[in-house]
Asker: 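To start, I am sharing the structure in question, which I have written as structure tokens.
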Amino acid sequence: IVEKDRFQTLGDLRKQWTESGVETSRATVYRRVQEMGYRCRIPQVKPLLNQKQRQKRLTWATEKQHWTVAQWSKREMPKCLKSSVKYPQSVMVWGAMSAAVNAASYQEILEHFMLPSAEKLYGDEDFIFQHDLAPAHSAKTTGKWFTDHGITVLNWPANSPDLNPIENLWDIVKRKLRDARPNTLDELKAAIEASWASITPQQCHRLIASMPRRIEAVISAKGFPTKY
């Protein structure tokens, strides 16, 4: 059974044994699997990439192979919150590179939050804005918005969260929220803002500094998903 499907869980194995008339506990199943030389592992979940996507990732990484950490530091990462009415007592969080909004509302967020943030961070200096290929981001009207405002957008390969260090920031925020246990929507918003505010510049710098390693990992993997 194990050799036929490596993704069977101990619960799956126990269920099949029970159905075949073998009554046993989960602990017994675990011991027997260990005795047979197998080890239980939690599989890593990675995006499913087709050949075209892998090639684009590889091409993208090759083009950015010689970017310095200083160049990667010139990516804009503003923040804001947008309430969601679809699910009670929840909040959609926008963090520069993804947002559950349409193109029009996304451009409003860029106008009212990203531009002031960029002004504060960079002044008159040029910077490169990065977002993924969500429909609101890749819409023609959004592209026109960036052109009209003279902002350069980093080209981005599809299905590549391993190349986006802000995903690691969201993980940090989520871990901090586990102990917060907010009871109301306002408490949830406050907890998210507090969690985000607690992220140190050093943490951000370490993540940005990881970009050259991420690029090399994609090239070594020939476009396939990496450990990041």
Asker: Where do P157 and N155 come nearest, in terms of heavy atoms and distance?
Answerer: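 For P157 and N155, the tightest heavy-atom pair comes out as CD-O, 4.3 Å.
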Asker: Hey, what do you get for CD1 (I208) to CD1 (I166), rounding to the nearest 0.5 Å?
Answerer: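 If we round to the nearest 0.5 Å, I208:CD1 and I166:CD1 are 10.0 Å apart.
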Asker: Sort out for me which residue in L10, D12, V22 forms a side chain to side chain contact (heavy atoms under 4.5 Å, CB included) with V29.
Answerer: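 Of the listed options, the one satisfying the test is L10.
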Asker: Nearest 0.5 Å, what's the OH-CD distance between Y106 and E111?
Answerer: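 Those atoms lie 13.0 Å apart.
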Asker: Which heavy atom in W156 sits nearest to a heavy atom in L163, and how many Å separate them?
Answerer: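 Looks like CH2-O, 3.3 Å.
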Asker: Between CD1 of I215 and CZ of R57, what distance do you get to the nearest 0.5 Å?
Answerer: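 Atom-to-atom, I215:CD1 and R57:CZ are 9.5 Å apart.
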Asker: Do any N or O atoms from the side chain of S138 and from the backbone of A134 form a donor-acceptor pair under 3.5 angstrom?
Answerer: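 Checked: pair present.
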Asker: Does NZ belonging to K64 count more than 12 external heavy atoms closer than 6.0 Å?
Answerer: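 More than 12 within 6.0 Å, yes.
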Asker: Can you tell if the side chain of V173 reaches within under 4.5 Å of the side chain of K176, non-hydrogen atoms only?
Answerer: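 A side-chain contact is absent here, since even the closest heavy-atom pair is not under 4.5 Å.
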Asker: Can you give me the closest heavy-atom contact between L58 and I219, atom names plus distance?
Answerer: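 Smallest interatomic distance, heavy atoms only, reads CD1-CA, 3.7 Å.
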Asker: What heavy-atom pair brings I128 and V153 nearest, and what distance separates the two atoms?
Answerer: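 Heavy atoms only, the tightest pair is CG2-C, 4.2 Å.
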Asker: Evaluate the side-chain proximity of H137 to D132: yes if any heavy-atom separation is below 4.5 Å, no if none is.
Answerer: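 Result yes, sub-4.5 Å side-chain heavy-atom pair found.
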Asker: Return the set of residues passing salt bridge (Lys or Arg N to Asp or Glu O under 4.0 Å) with D148 (not counting sequence neighbours), or none when no residue passes.
Answerer: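 By the salt bridge (Lys or Arg N to Asp or Glu O under 4.0 Å) rule, D148 matches K144.
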Asker: Applying side-chain hydrogen bond (donor to acceptor under 3.5 Å, both in side chains) as the test, list every pair that has at least one member in residues 204-213; sequence neighbours left out.
Answerer: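 Counting only pairs at least two positions apart or across chains, the side-chain hydrogen bond (donor to acceptor under 3.5 Å, both in side chains) contacts touching residues 204-213 are S210-R214.
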Asker: In Å and rounded to the nearest 0.5 Å, what is the CH2 to CD1 distance from W170 to I192?
Answerer: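 If I round to the nearest 0.5 Å, the distance is 8.0 Å.
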Asker: Spell out, as yes or no, whether a donor-acceptor pair under 3.5 Å connects the side chain of Q65 to the backbone of A61.
Answerer: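 The answer is no, because no donor-acceptor pair under 3.5 Å joins these two groups.
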Asker: Do S160 side-chain atoms and A158 backbone N/O form a donor-acceptor pair below 3.5 Å?
Answerer: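 Here the side-chain-to-backbone pair exists.
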Asker: Applying side chain to side chain donor-acceptor pair (under 3.5 Å), name anything that partners S195, two or more places apart in sequence or on another chain.
Answerer: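 By the side chain to side chain donor-acceptor pair (under 3.5 Å) rule, S195 matches no residue at all.
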Asker: Does any part of the side chain of L169, heavy atoms only, come nearer than 4.5 Å to the side chain of I199, both counted from C-beta?
Answerer: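 Yes, close enough: below the 4.5 Å cut-off.
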Asker: Closer than 3.5 angstrom, by distance alone: can the side chain of Q53 be matched with the main-chain N or O of N50 as a donor-acceptor pair?
Answerer: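 Present.
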Asker: Quick one: does Q107's side chain have a donor or acceptor within less than 3.5 Å of a partner on A103's backbone?
Answerer: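 Indeed, once roles are kept as given, a pair shorter than 3.5 Å links the two residues.
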Asker: Would you confirm whether the ring centroid of H131 sits within less than 6.0 angstrom of the ring centroid of F146?
Answerer: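 Ring centroids of F146 and H131 are less than 6.0 Å from each other.
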Asker: Walk me through whether T18 and E23 qualify under side-chain contact (heavy atoms from CB on, under 4.5 Å).
Answerer: CA-CA 5 Å; T18 300; E23 291 293 338; 3.6 Å; yes
Asker: So, taking the atom named OG1 in T59 and the one named CZ in R54, what distance separates them when rounded to the nearest 0.5 Å?
Answerer: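 If I round to the nearest 0.5 Å, the distance is 12.5 Å.
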Asker: Quick check: closest heavy atoms across W145 and H149, and the distance to 0.1 Å?
Answerer: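 The pair with the smallest heavy-atom distance is O-ND1, 2.7 Å.
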Asker: Would you check if the side chain of D171 reaches a backbone N or O of N168 as a donor-acceptor pair within less than 3.5 Å?
Answerer: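 No; judged by distance alone, with no hydrogens or angles, the pair does not exist.
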Asker: Enter the distance from K15:NZ to T9:OG1 here, rounded to the nearest 0.5 Å.
Answerer: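 Answer rounded to 0.5 Å: 10.0 Å.
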Asker: E35: what forms a side chain to side chain donor-acceptor pair (under 3.5 Å) with it, not counting sequence neighbours?
Answerer: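 By the side chain to side chain donor-acceptor pair (under 3.5 Å) rule, E35 matches R32.
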Asker: Pair W196, I172 - check side-chain contact (heavy atoms from CB on, under 4.5 Å), show working.
Answerer: CA-CA 8 Å; W196 181 275; I172 293 172; over 6 Å; no
Asker: So I151 and F127, side-chain contact (heavy atoms from CB on, under 4.5 Å) or not? Walk me through it.
Answerer: CA-CA 7 Å; I151 298 173; F127 66 92; 4.1 Å; yes
Asker: Applying side chain to side chain donor-acceptor pair (under 3.5 Å), name anything that partners T28, two or more places apart in sequence or on another chain.
Answerer: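 T28 satisfies side chain to side chain donor-acceptor pair (under 3.5 Å) with S25, R31 once adjacent residues are dropped.
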Asker: Output a table of donor-acceptor pairs, distance under 3.5 Å, between side-chain atoms of residues 220-228 and any protein atom two or more places apart or on a different chain; print 'none' if there are none.
Answerer:
residue	atom	partner	partner atom	Å
S220	OG	E216	O	2.9
T226	OG1	D162	OD2	3.0
T226	OG1	Y228	N	3.3

Asker: Apply side-chain contact (heavy atoms from CB on, under 4.5 Å) to L115 and L110, showing your working.
Answerer: CA-CA 6 Å; L115 288 182; L110 294 172; 5.9 Å; no
